[in-house]
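Presented below is the structure to which this report refers.
Only this structure's heavy atoms are used, side chains among them; waters, hydrogens and symmetry mates stay out.
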Amino acid sequence: TRSSARLALPSFPEEAFVQACDLLVRTDAAWVPDGEGATLYLRPFIYATEVGLGVRPSDSARFQVIASPAGNYFSGPLRPISLWLSQEYIRAAPGGTGAAKCGGNYAAGLVAQQEAIAHDCDQVVYLDAIEHRWVEELGGMNLFLVLDDGTLVTPELGTILEGVTRDSVMTLARELGHAVEERRVDVDEWRKGALDGRVLEVFACGTAAVITPIGTLRWPGGEAVAGDGGPGPVTMALRSALLDVQYGRTPDTHGWMHRVL
């Protein structure tokens, strides 16, 4: 709803949204793969359909849902991923569409992702558009730092997506006894913290990535590795807690799960 409003598209009713997802899941139930990390990935989307040219809100739009069997976002067994700190490109600016689920945001990040791959990194991490100092998020995932006192720190909202997985991680972390801070994160806090031991773990989270450990942050002429570079205990505990809810191994006390009948 928030993304549609930002892009001048109509808001699709929540009940109809859920019904559409239910119908597709029931239709494609035989395609749902088995095994840990395997899912049927749903992608609801809405786009303008008015015929004609003109720069104004469309008088008509279409809502659709597509699905695909999916495995882990990063292929192979779970491993720490590496990130490239973008020096030239930004993901979003204040007042822009960074907080909206907008296809153009992904298209604009493809060149930066190619640059990351060229530097042997799995993903790109962006800084803010004004000072090029404050960490925002990855190309398609939110980011968390784990400090040496157990506190979790994640970039505040404004130009980043308000991810459902991000919100779930914060809720579970607090239940496991961790303080959680949503605030601006200076990239040097990450780089220096990895060096002096203040930052013990870093991880990404998102719908497909679930919770994925981050091993190395690279930039021209340097790199930083949090902890020993492997999956940290807090990262893995949170990942297990989230997956246990998703797979029904522990009770869902928050009403996050929805059964398709």
Side-chain angles (χ1 to χ4, degrees), residues 1-9 41 43-47 73-74 80-145 152-170 181-191 193-194 199 202-224 226:
T1 299
R2 288 189 295 270
S3 296
S4 292
R6 178 62 184 85
L7 299 171
L9 289 165
Y41 187 86
R43 172 64 74 180
F45 60 99
I46 186 170
Y47 60 94
Y73 188 89
F74 298 100
I81 62 171
S82 56
L83 303 182
W84 176 252
L85 182 63
S86 181
Q87 307 293 299
E88 180 179 357
Y89 302 103
I90 61 168
R91 179 187 171 274
T97 60
K101 196 74 171 180
C102 173
N105 294 345
Y106 295 96
L110 295 178
V111 172
Q113 178 62 25
Q114 287 178 324
E115 185 180 75
I117 293 171
H119 287 87
D120 199 29
C121 291
D122 299 291
Q123 270 276 322
V124 61
V125 60
Y126 294 98
L127 301 178
D128 72 288
I130 299 173
E131 298 182 69
H132 299 283
R133 170 185 175 187
W134 307 102
V135 177
E136 295 205 327
E137 63 176 73
L138 279 61
M141 287 160 270
N142 294 115
L143 183 78
F144 282 84
L145 308 183
L152 269 68
V153 178
T154 192
E156 64 189 11
L157 300 176
T159 56
I160 69 172
L161 285 169
E162 188 176 353
V164 172
T165 308
R166 174 183 181 274
D167 185 68
S168 300
V169 168
M170 291 191 293
E181 298 178 1
E182 295 181 79
R183 59 170 172 81
R184 295 203 296 177
V185 179
D186 192 320
V187 67
D188 280 340
E189 177 182 2
W190 181 353
R191 292 191 284 203
V199 176
V202 187
F203 65 85
C205 68
T207 304
V210 191
I211 293 177
T212 299
I214 295 170
T216 305
L217 174 67
R218 296 194 180 106
W219 61 91
E223 66 177 38

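- Under the 3.5 Å distance criterion, the side-chain polar atoms of Asn105 are left unmatched by any main-chain donor or acceptor of Ala92.
- Between Gln87 atom CD and Tyr126 atom OH the span is 12.5 Å, to the nearest 0.5 Å.
- Cys205 approaches Ile211 most closely through the heavy-atom pair CB-CG1, 4.3 Å.
- In this structure Thr216 satisfies the side chain to side chain contact (heavy atoms under 4.5 Å, CB included) test together with Ser82, Arg218, Glu223, Val225, sequence neighbours excluded.
- Here CZ of Phe45 is found 13.5 Å from NZ of Lys101. Values are rounded to the nearest 0.5 Å.
- The OH atom of Tyr41 lies 5.0 Å from the OG1 atom of Thr207; values are rounded to the nearest 0.5 Å.
- Of the possible donor and acceptor atoms, none in the side chain of Gln123 sits under 3.5 Å from a partner among the backbone N and O of Ile81.
- Using a cut-off of 4.0 Å between Lys/Arg side-chain N and Asp/Glu carboxylate O, Glu182 and Arg166 are scored as salt-bridged.
- A pairwise comparison of heavy atoms in Thr212 and Ala209 identifies OG1-O, 2.9 Å as the closest pair.
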Sequence neighbours left out, cut at 3.5 Å: what donor-acceptor pairs do the side chains of residues 112-120 make with other protein atoms?
from	atom 1	to	atom 2	distance (Å)
Gln113	NE2	Asp122	O	2.9
Glu115	OE1	Trp84	NE1	2.9
His119	ND1	Glu115	O	2.9

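- For the pair Leu152/Phe203, a side-chain contact is recorded, criterion being any heavy-atom separation below 4.5 Å from C-beta on.
- For the residue pair Arg191 and Leu85, the shortest heavy atom distance occurs at NH1-CD2, 3.7 Å.
- Counting only distance, with no hydrogens or angles, the side chain of Glu136 and the backbone of Trp134 share no donor-acceptor pair below 3.5 Å.
- Side-chain atoms of Thr159 and Asp128 include no donor-acceptor pair closer than 3.5 Å.
- Leu138 CG to Leu83 CG: the interatomic distance, rounded to the nearest 0.5 Å, is 5.0 Å.
- Residues Leu127 and Val135 are in side-chain contact: their nearest non-hydrogen atoms beyond the backbone lie under 4.5 Å apart.
- Side-chain contact check for Thr165 versus Asn142: every heavy-atom pair is 4.5 Å or farther apart.
- The main-chain N or O of Leu143 is found under 3.5 Å from a side-chain atom of Thr154 such that the two form a donor-acceptor pair.
- Contact detail for Ala224 and Trp219: the closest heavy-atom pair is N-CZ3, 3.6 Å.
- If you take OH on Tyr89 and CG on Leu110, they are separated by 11.0 Å, rounding to the nearest 0.5 Å.
- Here the straight-line distance linking atom CD of Glu131 with atom CZ of Arg184 works out to 6.0 Å at 0.5 Å rounding.
- At a threshold of 4.5 Å between non-hydrogen side-chain atoms, the residues His132 and Val187 do not count as touching.
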